[in-house]
Protein chains: 2
Amino acid sequence: MSDLLERLRGRGWRMTAQRRVVAEVLDGDHVHLTADEVHARAVAKLPEISRATVYNTLGEMVTLGEVIEVSTDRRAKRYDPNAHRPHHHLVCASCGTIRDVHPAGDPLADLPSDERFGFTVSNVEVTYRGICPNCAATT
Amino acid sequence: MSDLLERLRGRGWRMTAQRRVVAEVLDGDHVHLTADEVHARAVAKLPEISRATVYNTLGEMVTLGEVIEVSTDRRAKRYDPNAHRPHHHLVCASCGTIRDVHPAGDPLADLPSDERFGFTVSNVEVTYRGICPNCAATT
DNA sequence: TCCTACAATGGACATAGTCCAAGTCAAGTG
DNA sequence: CACTTGACTTGGACTATGTCCATTGTAGGA
């Protein structure tokens with residue numbers, strides 16, 4: 001069973017069939033589904049679940065900090081359940097495959113204060129782009 | 001006059017009033033307009049320019065590597081003409097203001113080869129998020 | 001078991017972006 | 001300078017993604 005589900009329950013989330021299904025769909029490493037993909041998989045388990053509910057639930061999970069929104073491509077936002085292990089993303093420019101990666105170093109520390117324009121900087125997102133072995137082989 | 005325009009002309013681009021206007025709109029530092037904003041400003045200079053042309057032109061500039069697409073928020077893509085000076089972005093989580101920043105260090109070098117999953121990594125995008133002084137003051 | 005506040009529904013609406021067939025025009029040629 | 005041609009522009013329809021809201025349903029406490 002999903003750690004995610006346990007954590008959500010622990011926060012006093014009202015547990016419904018719909019939320020359970022969404023949480024189950026979003027489980028594992030290297031998981032980066034779009035809202036529509038989440039909806040499609042949720043429908044497979046609970047046919048009457050609506051798109052709006054999936055959007056609402058994903059949004060709530062993001063607000064609670066249990067899921068991260070990633071927009072690696074120009075298309076839909078993707079949802080990454082691996083919120084509790086800081087990581088960044090490596091995206092194939094050709095097929096769109098996404099992998100979680102853990103670079104050395106701390107990019108936050110690399111931003112000198114005279115480059116902060118007075119901002120209070122709290123967060124950094126890094127997206128590496130390249131070609132995956134699969135796509136490199138087939139071209 | 002815009003360097004951007006000169007470079008485009010040098011690449012054998014057919015110069016039209018529409019393209020000139022789009023290139024003029026996209027000039028300067030810390031410029032990060034959405035396609036619609038570009039269109040709005042272009043219309044001010046050339047009332048009959050169409051949305052499709054703005055999208056086409058922006059897309060071509062991106063393909064030529066003269067302009068960078070940035071998707072810092074969940075909403076529209078933004079276009080950054082500063083493609084020839086490598087830089088990253090600092091975004092205010094509250095008002096959406098974007099600044100160009102130049103961190104120390106090279107994030108590309110920070111990705112160990114055993115974290116590359118066989119990808120040929122060519123590019124990295126870094127987005128810092130925080131609160132700008134303006135928003136910090138008014139809350 | 002009953003109540004009630006919170007959640008789900010689904011359909012209309014909003015926003016961003018793409019596509020296409022037809023018309024227009026930049027720029028090379030003679 | 002006029003001609004020609006293929007690249008460029010147009011505008012409107014279309015697609016994709018996401019949001020809103022009034023109504024209906026239900027989890028979980030009393």
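Labels below follow one simple rule: chain letters A, B, ... track the order of the sequence lines, proteins then strands, and each chain is numbered from 1. Worth knowing before you read on, the calculation uses all heavy atoms, side chains too, and leaves out hydrogens, waters and symmetry mates.
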Problem - A:Pro103 backbone acceptor or donor facing B:Glu115 side chain under 3.5 Å - result: no

Handout entry: Nearest-nucleotide comparison on DNA chain C, the residue closer to the 5′ end among B:Arg9 and B:Arg78
Key = B:Arg78

Practice task
Classify the side-chain pair B:Asp100/B:His32 by whether it contains a donor and acceptor separated by less than 3.5 Å.
Solution key: yes

Exercise for the section: Grab the CZ-P distance between B:Arg20 and C:dC25 for me, whole Å please. Expected result: 14 Å

Problem - N-O pairing of A:Arg41 and A:Glu24 below 4.0 Å - result: no

Handout entry: Within residues 41-68 of chain B, residues whose heavy atoms come under 4.0 Å of DNA chain C
Key = B:Arg51, B:Ala52, B:Tyr55

Practice task
Measure the distance from CD on A:Glu69 to P on D:dT19 and round it to the nearest whole Å.
Solution key: 8 Å

Problem - B:Arg85 atom CZ, over 12 foreign heavy atoms within 6.0 Å - result: no

Fill in the blank from the handout: Taken to the nearest whole Å, CH2/B:Trp13 to C1'/D:dA7 is 12 Å

Handout entry: Between D:dG28 (P) and A:Met15 (CE): distance, integer Å
Key = 8 Å

Handout entry: Nucleotide D:dT17, atom C1' - distance to NZ of B:Lys77 in whole Å
Key = 13 Å

Exercise for the section: Go through C:dG17, C:dA8, C:dA5 for me and flag the one nearest to the A:Gln18 side chain. Expected result: C:dA8

Handout entry: Below 4.0 Å: OP1/OP2 of C:dA5 and any side-chain N or O of A:Arg14
Key = no

Exercise for the section: Could you verify whether a donor N or O on one side chain and an acceptor N or O on the other, from B:His30 and B:Asp80, lie under 3.5 Å apart? Expected result: no

Practice task
Compare side-chain N and O positions of A:Arg75 against OP1 and OP2 of D:dA16 and report whether any pair is under 4.0 Å apart.
Solution key: no

Handout entry: Side-chain donor-acceptor pair present, A:His84, A:Glu66, cut-off under 3.5 Å
Key = yes

Exercise for the section: For C:dC6, take OP1 and OP2 only and decide whether either is under 4.0 Å from a side-chain N or O of A:Thr16. Expected result: no

Practice task
Run the salt-bridge test on A:Glu69 and A:Arg78 with the 4.0 Å N-O cut-off and return the result as yes or no.
Solution key: no

Exercise for the section: Round to a whole Å and report the spacing from NE2 of A:His39 to P of D:dG18. Expected result: 13 Å

